[in-house]
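See below for the structure under consideration.
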Amino acid sequence: MSTASRPAVPWLRKFITAERERGETSAAYGCGPQDRPLKQHIINGVINLDKPAGPTSHEVVAWLKKMLDVEVAGHSGTLGKTGISWRDRYVARLHWKCLEDHRVHALLW
Amino acid sequence: MPVCIGNASRIIEYMHFCGKEYVAVAELHKHVGKEELSKVLAMFVGEIYQRPPLRSSVARRVRRRTIYYIDQLEAEDRRVLLMIGCESGTYIRKLIHDIGQILGVGAHMAELRRTRDGALIEVESFTLYDVAEAVQELRERKDEAKIRKVIRPFEDALQLLPSIYIKDSAVDAVCHGASVSVKGISKLDTPFSEREPVVVKSLKGECVALGRATRDSDWILRGESGIAVEVRRVIMRSGTYPRMWRTH
């Protein structure tokens, strides 16, 4: 435990791209991430999924596999079985009364 | 929850280097003064020791985890709404329990929601309905726009890690598992330190492999020769780029 100043937060890190040696890339092979043909795009893709409350991550992944007709899909951990939806964390405020009623979601205003 | 499809599932291990953010409701078992609570929360920012809880999917060895911040968003009575930025593998339930122990009154986690997993934030997430709709648009109208919005290139999920861009001539060797030598590097994101996880990309920005920097970015930028990245995981299929290396 430490009371030192805040440690570096990964999402606040800033990088500067520096050139070591000039390089050119040939259009004859390879493909930029935005330019992949659809099938390639899908099998090299990540979905930022707002997981529904209820089904397990495993089940959700199985549905996605079927929906997208793909073989492998894996999730990298899950959360959110509580059913609170934090649509916008800057404006979202929790309504305590709603919390007592476990079915109701967080409110926005 | 990030879901990686097909080839992209190979990056999951590296997504764990990017940290997470949660919003949690902590319920204190007795009333605690505002100042005292703030003081104790501040004690938990930085490097902490944590033993995974009884019901956990990992070995119950004490682990070190970094907590980037704990912000109090709101408080009412004994309930406190916290926003926690932390390293992957931190158990929030345990963190709140431990905060309760230090406060001397006990506490438990009442609600939890993840608001960020590395570069992916919850406000930009899609529901299963969004995915289904995008698939339907594609099937019925042959419109790719929606599916390309819902499914993002896996490189986006690794944005928080520094990238090292290698020349076309070095790509295939790396695809075969070779380490990246400084001579094969064209550009790099700076600064980063020795042993940090890095993304090796082609000059087109596509991920070739994942690995660890053997030296800091300054050395790699100025070095004349030597190994810059130890490749741990190859992502691109060999043969995508022409083979420009010789065997001895």
Side-chain angles (χ1 to χ4, degrees), chain A residues 1-4 6-7 9-11 13 15-26 29-34 36 38 41-52 57 60-61 63-64 67-68 70-80 82 84 86-89 93-94 96 99, chain B residues 1-9 12 15 18-19 23 42-43 45-48 66 68-69 76 81 85 111-115 120 122-128 131-132 135 144 148 150-155 157 160 162 167-168 185-190 202-206 221 240-242:
Chain A
M1 270 181 261
S2 110
T3 49
R6 286 188 162 197
V9 182
W11 43 92
R13 247 177 114 176
F15 294 115
I16 297 166
T17 310
E19 191 166 82
R20 217 193 93 84
E21 202 180 311
R22 247 191 110 63
E24 306 266 315
T25 182
S26 163
Y29 29 80
C31 182
Q34 310 296 333
R36 292 183 182 124
L38 187 68
H41 181 85
I42 292 172
I43 62 162
N44 285 293
V46 175
I47 304 176
N48 182 3
L49 191 76
D50 186 353
K51 191 186 143 303
S57 330
V60 170
V61 168
W63 292 340
L64 283 172
M67 223 188 302
L68 300 166
V70 287
E71 293 279 299
V72 210
H75 66 85
S76 74
T78 182
L79 253 191
T82 51
I84 303 176
W86 288 90
R87 269 275 150 194
D88 187 339
R89 65 195 172 97
R93 300 235 169 156
L94 216 49
W96 302 114
L99 261 184
Chain B
M1 175 180 87
V3 180
C4 298
I5 309 159
N7 200 29
S9 53
I12 289 173
M15 286 180 67
C18 303
V23 168
M43 284 166 68
V45 175
E47 199 167 70
I48 61 155
T66 302
Y68 308 125
Y69 52 82
E76 194 183 278
L81 186 60
E111 300 281 349
L112 180 66
R113 182 79 187 173
R114 187 163 61 213
T115 48
L120 309 180
E122 198 193 13
V123 281
E124 291 172 5
S125 69
F126 295 95
T127 62
L128 277 172
V131 182
V135 170
E144 293 183 9
R148 282 185 186 268
V150 170
I151 302 178
R152 291 161 64 182
F154 71 86
E155 282 89 349
L160 302 182
K167 301 175 198 166
D168 284 5
I185 296 172
S186 175
K187 301 184 287 180
L188 59 148
D189 287 343
T190 58
S202 73
L203 282 165
K204 295 186 186 73
E206 49 192 330
L221 195 58
T240 308
Y241 278 66

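Throughout, a chain's letter reflects where its sequence line sits, starting with A, and its residues are numbered from 1.
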Side chain, backbone, both or neither: which part of B:S202 has a non-hydrogen atom closer than 4.5 Å to chain A? neither
Ring pair (Phe, Tyr, Trp, His ring centres under 6.0 Å) partners for A:W11, two or more places apart: B:Y68
Report the residues that fulfil ring pair (Phe, Tyr, Trp, His ring centres under 6.0 Å) with A:Y29, sequence neighbours left out, ordered by chain and then residue number. B:Y241
Counting only N and O atoms by type, is there a donor-acceptor contact under 3.5 Å from the side chain of B:S125 to the main-chain atoms of A:N48? no
Contacting region of A:Q34 [heavy-atom separation from chain B under 4.5 Å]: both
Give, as side chain, backbone, both or neither, the part of A:R13 having an atom under 4.5 angstrom from any heavy atom of chain B. side chain
Between [options], which has the largest tally of heavy atom pairs under 4.5 Å with chain A?
options                        : result
B:L203, B:V135, B:V131, B:L188 : B:L188
B:A8, B:P153, B:P162, B:S186   : B:S186
B:T240, B:I185, B:I151         : B:I151

With side chains defined as the heavy atoms from C-beta onward, is the minimum distance between B:L81 and B:E76 less than 4.5 Å? no
Between A:P33, A:G23, A:G32, who has the most heavy-atom pairs with chain B when the cutoff is under 4.5 Å? A:P33
Quick one: pull up CG in A:D50 and OG1 in B:T127 and give me the separation to the nearest 0.5 Å. 6.5 Å
side-chain contact (heavy atoms from CB on, under 4.5 Å), that's the test. Do B:E111 and B:V23 meet it? Break it down for me. CA-CA 8 Å; B:E111 300 281 349; B:V23 168; over 6 Å; no
